[in-house]
Amino acid sequence: MSVTGPRLQPTLFERSRPGRGGGKIPHPPKDALDRIPPAHRRSEPPALPELNEPEVVRHYVNLSHLNFAVDTGFYPLGSCTMKFNPKLNEWAARLRGFAELHPMVPDQVAQGTLQLLHDLESALAEISGMRAVTLQPAAGAQGELTGILMIRAYHRSRGDFERMDVLVPDSSHGTNPATASMAGFRTITIPSAADGGVDIAAFTSALGPTTAAVMITNPSTLGLFETRIGELLDAVREAGALAYMDGANLNAILGRFKPGEAGFDVMHFNVHKTFSTPHGGGGPGAGPVGVGERLVPFLPAPRVLRDEDGSYRLERTGERPTSIGRLRSFVGNTGVLVRAYAYILAHGATGLREVTDDAVLAANYLKHRLRDAFDIPYDRACKHEFVASASTIKKDTGVRTLDIAKRLIDFGYHPPTIYFPLIVDEGMLIEPTETESLEMLDAFADTLIAIADEARTDPEMVRSAPHTSPVGRLDEAMAARQPNLRWRPMRGAEMPCPD
Ligand SMILES: *Cc1c(COP(=O)(O)O)cnc(C)c1O
C-alpha cells in the first residue's frame with residue numbers, strides 16, 4: 001500500500017510551530033478574561049495548531065486542488081447522476097433572503113421562502129404525477145423511510161396489522177432493504193429476471209395478505225425501464241399492498257413517464273441528483289417524497305400551506321393528527337431546494353424532457369461504443385445508464401474491474417460505479433448524464449477501450465494503477481472497517497480518542 005506521494009502535504013498539526021499563531025482578536029477589551037467566570041476558563045490552552053495565515057490558506061487551497069469534481073472532469077458514476085451543476089443555482093441559493101433567513105422567524109417574515117417551497121412541491125407533483133409532496137427528508141434514504149412509514153401508517157389506520165413484508169428486487173440500492181427493516185418490516189428479496197427486469201411472476205407469487213409494500217426502482221439500477229410495470233402495479237393493488245418507487249433514476253424519465261399516473265402510491269426524489277445540487281461529498285442533499293391520494297393524510301408535518309388570502313404558512317402543531325410527524329428539523333434542506341427550484345424553472349417542461357432525452361441518448365451512445373471491448377450483460381435499449389462488465393477480460397488476463405477503474409484515474413477520469421448492482425459479475429455502472437459533449441463521450445470511450453487493450457498487452461500496468469495520483473492503492477477493507485480520520489497526538493491533545 002502506497003499512501004504518500006510528493007503531492008500529499010503534512011497536516012496542519014504537523015506544520016504547527018509554537019508561538020506562530022496567526023489568530024488575533026482585534027482590540028480585545030482589557031478585562032476580557034475577567035469577564036469569563038473562572039469555572040468556565042480553560043486551565044490549559046486548546047490543542048490547536050499554530051500557523052500563520054498564508055500557511056493556512058495555502059494548505060486548504062492546495063488540498064482543494066487534489067479534489068476531483070464535476071467542475072474539473074467527467075464523472076460517470078452510475079446511479080448518482082453526477083451532472084454538471086449550473087452556477088445559476090448557486091447564485092439563487094446564495095441570495096440573502098434565502099441564505100440568511102433564520103429558520104425560526106414567524107411565517108409572515110418568510111413568505112418568499114414559503115412560496116418557493118410551496119411552488120416547488122407543486123412542480124415536483126406535476127413532474128411525478130403525484131397528488132402531494134413533502135420536502136422535508138434530508139436525502140433519498142430518508143425519503144424512503146418517510147415513504148415506508150406512511151405506508152405503515154396507512155395499513156394501521158385501516159386496522160390492518162398483518163402486513164409485515166416489503167418486497168424488494170435483488171438489483172435494488174442497499175437503502176431499500178435498510179429502510180424496510182428500519183421501519184420494522186421484513187425484507188423479502190426477489191431475484192431479477194434473466195433480462196435484468198423485475199421478475200413479474202416471482203413478484204406476483206410473493207404478494208399476499210402479509211405484503212405491506214413493494215419497492216421498485218424504475219428505471220432499474222441496471223438502467224432498464226420496467227416494461228411490464230403496469231401488470232406488476234395491478235397485482236400489487238389487487239393484493240392490497242402499496243407500491244413505492246425509488247426515484248433516484250428520475251433523470252431518465254422526466255417528461256416521459258409519471259410514476260403517480262402509472263399507479264405508484266409513493267416515491268422519493270433525489271433532488272441533488274436529478275435537479276443538480278453538487279453532491280458526492282456526503283451532503284447536504286434533499287429527498288422530497290411524493291404521494292398519491294391514499295397517503296396524503298399521513299404526510300410529515302408541518303406541511304407548507306397556502307391560505308385563502310394567498311399567504312403561506314406552516315401547518316400548526318397537531319393540526320393534522322393523522323401525520324406521521326416530523327422527520328427532521330424545520331422544512332428541509334432549503335438551500336438544496338432553492339437550487340432544485342432554479343433548475344426546474346430554468347429548464348421548463350420541454351427543457352426537462354430534453355434533459356432526459358439527451359441523457360438516454362448519451363448512455364446508449366457510450367454503450368454502443370464500448371460493445372466490442374467489454375461485455376454488455378443486459379444489452380437492450382438502456383435509459384440513462386448501463387452496465388458494462390470486465391468478466392471476459394478477467395477470465396483472459398486476470399485484470400479486474402477494480403483495476404480498470406483505478407487505471408482510469410491515471411487518464412483524468414473519475415471511475416464509474418463498480419460492483420453495483422451486485423447481480424453483475426465485474427460490473428461497471430456507467431452514467432454519462434446529459435451534460436457531456438460528444439467529444440467527451442468519445443474521449444472516455446477511447447480511454448476505456450485502450451485500457452481493455454492494455455489489460456491484454458501489459459496487465460501489470462493496469463493491476464498496479466493508479467500511477468499518477470497522490471495516493472496509490474489503499475486497503476479498501478481496512479479503509480471501510482477501520483477508518484482513521486483523526487490526526488493525533490500533539491502537545492495538549494493527549495485525550496484518548498476512539499479509533
Ligand atoms: C442515491 C440512491 C439512493 C439513496 O439516495 P441518497 O440521496 O444518497 O440518500 C437510493 N436508491 C438509489 C437507486 C440511488 O441511486
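Sequential numbering from 1 along the given sequence is applied to the chain's residues. Quick caveat: nothing in here was measured; it's all calculated off a predicted structure. These numbers come from the heavy atoms of this one structure, side chains and all, not from hydrogens, waters or symmetry mates.
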Legend entry - Closest approach of Asp375 to Ala390 (non-hydrogen atoms, all atoms of both residues): OD2-C, 4.1 Å
Inset, instruction - Kindly indicate whether the side chain of Glu426, heavy atoms from C-beta on, has any atom under 4.5 Å from the side chain of Thr392. - result: no
Legend entry - Shortest non-hydrogen separation from Asp199 to Pro191 and the atoms involved: CB-O, 3.4 Å
Inset, instruction - For the residue pair Leu242 and Met150, establish whether any side-chain heavy-atom pair is separated by less than 4.5 Å. - result: no
Inset, instruction - Give me the ring orientation class for His414 and Phe68: parallel if the planes are under 30° apart, tilted from 30 to 60°, perpendicular past 60°. - result: tilted
Inset, instruction - Please answer whether the main-chain N or O of Ala248 pairs with a side-chain N or O of Asp246 as donor and acceptor at a distance below 3.5 Å. - result: yes
Legend entry - Modelled atom types, side-chain donor and acceptor of Thr277 and His279, under 3.5 Å: no
Inset, instruction - Using only heavy-atom distances, determine whether the side chains of Tyr419 and Arg400 contain a donor-acceptor pair under 3.5 Å. - result: yes
Legend entry - Pair Gln9-Asn62, side-chain contact (heavy atoms from CB on, under 4.5 Å): steps then yes or no: CA-CA 9 Å; Gln9 36 175 351; Asn62 285 323; 3.6 Å; yes
Legend entry - Side-chain heavy atoms of Phe185 within contact of Arg152, under 4.5 Å: yes
Legend entry - Non-hydrogen atoms of Pro219 and Ile253 that approach each other most closely: CD-CG2, 3.8 Å
Inset, instruction - Show your reasoning for whether salt bridge (Lys or Arg N to Asp or Glu O under 4.0 Å) applies to Arg15 and Glu55. - result: CA-CA 9 Å; Arg15 285 221 165 129; Glu55 286 176 313; 5.9 Å; no
Inset, instruction - Taking His347 for its side chain and Val355 for its backbone only, find out whether a donor-acceptor pair lies under 3.5 Å. - result: no
Inset, instruction - Look at the aromatic rings of His268 and Tyr244 and report parallel, tilted or perpendicular, splitting at 30° and 60°. - result: tilted
Inset, instruction - Would you please say whether a donor-acceptor pair under 3.5 Å links the side chains of Asn85 and Tyr343? - result: no
Legend entry - Straight-line distance of Phe203 CZ to Arg228 CZ, nearest 0.5 Å: 12.5 Å
Inset, instruction - On the 0 to 90° scale, with breaks at 30° and 60°, tag the Phe275-Phe269 ring pair as parallel, tilted or perpendicular. - result: tilted
Legend entry - Atom CD of Glu126: over 12 foreign heavy atoms under 6.0 Å: no
Legend entry - Nearest atoms (heavy-atom pairs only) where Leu366 meets Leu441: CD1-O, 3.5 Å
Legend entry - Short side-chain donor-acceptor distance under 3.5 Å, Lys83 and Asn251: yes
Legend entry - Whether over 12 other heavy atoms sit under 6.0 Å from Arg294 CZ: yes
Legend entry - Inter-residue atom distance Leu167.CG - Arg186.CZ, 0.5 Å rounding: 11.0 Å
Inset, instruction - Answer yes or no: is there a donor N or O on one side and an acceptor on the other, between the side chain of Lys273 and the main chain of Ser79, under 3.5 Å? - result: yes
Legend entry - Main-chain N/O of Pro466 paired with Asp410 side-chain donor or acceptor, under 3.5 Å: no
Inset, instruction - Measure the spacing between CZ of Arg369 and CG of Asn364 and express it to the nearest 0.5 Å. - result: 14.5 Å
Inset, instruction - Please name the pair of heavy atoms, one in Leu408 and one in Pro415, separated by the smallest distance, quoted to 0.1 Å. - result: CD1-CA, 4.1 Å
Legend entry - Thr211 side chain vs Gly208 backbone, donor-acceptor pair below 3.5 Å: yes
Legend entry - Side chain Ser205, main chain Ala202, donor-acceptor under 3.5 Å: yes
Inset, instruction - To the nearest 0.5 angstrom, please state how far the CZ atom of Phe98 sits from the CG atom of Leu117. - result: 8.5 Å
Legend entry - Test salt bridge (charged side-chain N to carboxylate O under 4.0 Å, His left out) applied to Asp403 and Lys394, Arg463, Arg473, the passing residue: Arg473
Legend entry - Side-chain (Gln142) to main-chain (Ala139) donor-acceptor, under 3.5 angstrom: no
Legend entry - Non-hydrogen side-chain atoms of Leu233 and Arg237 separated by less than 4.5 Å: no
Inset, instruction - Would you sort out whether Thr189 and Asp170 count as a side chain to side chain donor-acceptor pair (under 3.5 Å), showing the intermediate values? - result: CA-CA 6 Å; Thr189 308; Asp170 61 0; over 6 Å; no
Legend entry - Single hit among Thr217, Ile216, Asn176 for side chain to side chain contact (heavy atoms under 4.5 Å, CB included) with Val168: Asn176
Inset, instruction - Kindly say whether His272 contributes a backbone atom to a donor-acceptor pair with the side chain of Asn270 at under 3.5 angstrom? - result: no
Inset, instruction - Supply the atom-to-atom distance Ile393 CD1 to Glu454 CD, rounded to the nearest 0.5 angstrom. - result: 11.5 Å
Inset, instruction - Check the pair Glu436, Phe444 against side-chain contact (heavy atoms from CB on, under 4.5 Å), reporting the backbone distance first and the verdict last. - result: CA-CA 11 Å; Glu436 297 302 335; Phe444 179 67; over 6 Å; no
Legend entry - Expected output: side-chain Lys406 to main-chain Gly472 donor-acceptor under 3.5 Å: no
Legend entry - Nearest atoms (heavy-atom pairs only) where Ala342 meets Ala92: CB-CB, 4.1 Å
Legend entry - Side chains of Thr81 and Glu431, donor plus acceptor under 3.5 Å: yes
Inset, instruction - Could you check if a side-chain atom of Glu385 sits within less than 4.5 angstrom of a side-chain atom of Pro416, using non-hydrogen atoms only? - result: no
Inset, instruction - Verify the neighbour count for atom CZ of Arg58: are there more than 12 heavy atoms of other residues, nucleotides or ligands below 6.0 Å? - result: no
Legend entry - Between CD1 on residue Ile151 and CZ on residue Arg163, distance to nearest 0.5 Å: 11.5 Å
Legend entry - Neighbour count above 12 (heavy atom, 6.0 Å) for His467 NE2: yes
Legend entry - Side chain Ser389, main chain Asp425, donor-acceptor under 3.5 Å: yes
